[in-house]
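Shown next, in structure tokens, is the structure this report addresses.
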Amino acid sequence: MNLEQSIQQEFSEHFGLLDQLLAEIDRRLLGLDINEMAELPHSATIMVFFKAVKSAKAVRQLIASGFGQDAMQIAQSLFEIMITLEYIEKDPANRAAMFLAHYHYRLATYHKRLEKYGNKSLPLTAADQQGHQDWEVDSFQEKCRQVGREKEYDLVYRQLNEETRSGTAGLHYFSQQFTNQHGKVVRMFNAGPGETATADAIWLNMYFIRTIIDTFSRLRPPHFMDIDSGLDPLTNKKLVVEQVAVRLQRILKLEFPDLPVHVEFDRNDFKLFVKHANMAERQKYAMDGDYQGFFLPQSLLGYAYQIFLAVCKQLNLPAPKQENYNAYHF
């Protein structure tokens with residue numbers, strides 16, 4: 001099995017839902033009448049929605065090919081689109097007009113910079129100064145606060161921003177240091193393509209694109225009012241169980257590379273099964289809890305790590321005591 005087949009199999013629940021959503025969006029876009037989208041707020045929201053759909057397709061290709069680290073950078077852009085749509089939704093007509101004014105102002109500003117270097121071949125863009133200023137009254141952080149995304153801004157967006165811009169913060173997805181069962185500190189380098197960062201990347205991007213679809217449909221644009229994003233507890237629970245199963249399997253593989261253990265999960269009753277090749281009975285671990293809303297990748301890792309410790313106890317394995325979270329970046 002090659003890398004792409006392996007990743008596709010690991011995240012079959014995720015890819016299945018993403019492919020279903022993208023196919024449904026494409027079907028609806030074929031019947032889209034641009035004239036129907038000319039009125040506010042549709043003229044503003046359709047612009048960012050198109051951008052999100054294109055990014056979701058790029059994410060699908062990157063992750064399937066083992067470039068999860070690069071797909072993490074797209075997650076930052078999708079987060080920004082998610083907040084933009086949720087912010088507009090609070091006052092659709094006024095805030096959509098402000099958004100468009102901000103867009104045209106930015107174009108006009110760039111044209112002025114072009115003129116500074118002698119390029120006068122392009123016509124200047126008309127800009128609504130007041131609308132632009134109105135959009136910028138609330139900072140991006142304040143927009144997140146107004147739509148109830150303070151936690152995501154602080155714990156997700158800021159981290160994605162640092163990883164994209166600093167050049168150093170995102171390096172943990174390229175290098176892992178851990179202590180193996182013999183007490184030896186091992187450093188692994190993951191230049192890619194590979195499996196590293198696929199779990200985090202597909203989880204974040206999937207949640208953002210699903211929320212974008214959900215918010216966009218609530219703004220009642222033609223052809224998209226009734227689209228189902230799958231943003232419900234039952235679907236979320238299936239994705240969570242798959243994420244935990246993948247992370248658990250990777251922890252076991254990292255810590256005990258020669259251990260003949262395989263992790264499976266049941267999509268119907270939400271249980272994980274850990275099967276040792278030389279043991280007749282599978283170890284069963286229930287996944288109970290509230291699956292409404294957003295899970296941090298670290299929370300999913302916490303689920304997996306607790307089950308890992310239980311597996312070690314059950315199989316009488318020496319559970320390594322990791323000294324840093326960087327040991328498990330999946």
Under a 4.0 Å threshold between the charged nitrogen and the carboxylate oxygen, would [Y] count as salt-bridged to [X]?
X: R210; Y: D214; result: no
X: R28; Y: D226; result: yes
X: D19; Y: R60; result: yes
X: K90; Y: D138; result: no
X: K238; Y: E242; result: no
X: E136; Y: R106; result: yes

Using the six-membered ring wherever Trp is involved, compare the ring planes of F79 and F140 and label them parallel, tilted or perpendicular (cut-offs 30° and 60°).
-> perpendicular

Rounded to the nearest 0.5 Å, what separates atom [atom1] in [X] from atom [atom2] in [Y]?
X: K253; Y: F330; atom1: NZ; atom2: CZ; result: 10.5 Å
X: D134; Y: M98; atom1: CG; atom2: CE; result: 5.0 Å
X: L22; Y: I213; atom1: CG; atom2: CD1; result: 7.0 Å

Report, one line per pair, each donor and acceptor closer than 3.5 Å where one atom sits in a side chain of residues 41-52; sequence neighbours left out.
residue	atom	partner	partner atom	Å
T45	OG1	P41	O	3.1
T45	OG1	H42	O	3.4
K51	NZ	S77	OG	2.7

Can you check whether [Y]'s main-chain N or O pairs, donor with acceptor, with [X]'s side chain at less than 3.5 Å?
X: N205; Y: A71; answer: yes
X: Q283; Y: V274; answer: no
X: R250; Y: E195; answer: yes
X: N161; Y: Y157; answer: no

In this structure, which one of M82, Q141, K143 forms a side chain to side chain contact (heavy atoms under 4.5 Å, CB included) with R149?
-> M82

Intermediate values then yes/no, ring-ring contact (aromatic ring centres under 6.0 Å, His included), W135 and Y87 = CA-CA 10 Å; W135 180 262; Y87 182 75; 5.4 Å; yes

Quick one about [Y] and [X] (side-chain donor to acceptor, distance below 3.5 Å, no hydrogens or angles considered), yes or no?
X: Q306; Y: Y285; result: no
X: Q5; Y: Q9; result: no
X: Q292; Y: N236; result: no

Atom OH of Y103 with >12 non-hydrogen neighbours under 6.0 angstrom = no

Whether over 12 other heavy atoms sit under 6.0 Å from R218 CZ = yes

With sequence neighbours excluded, tell me which residues meet ring-ring contact (aromatic ring centres under 6.0 Å, His included) with F308.
-> Y305

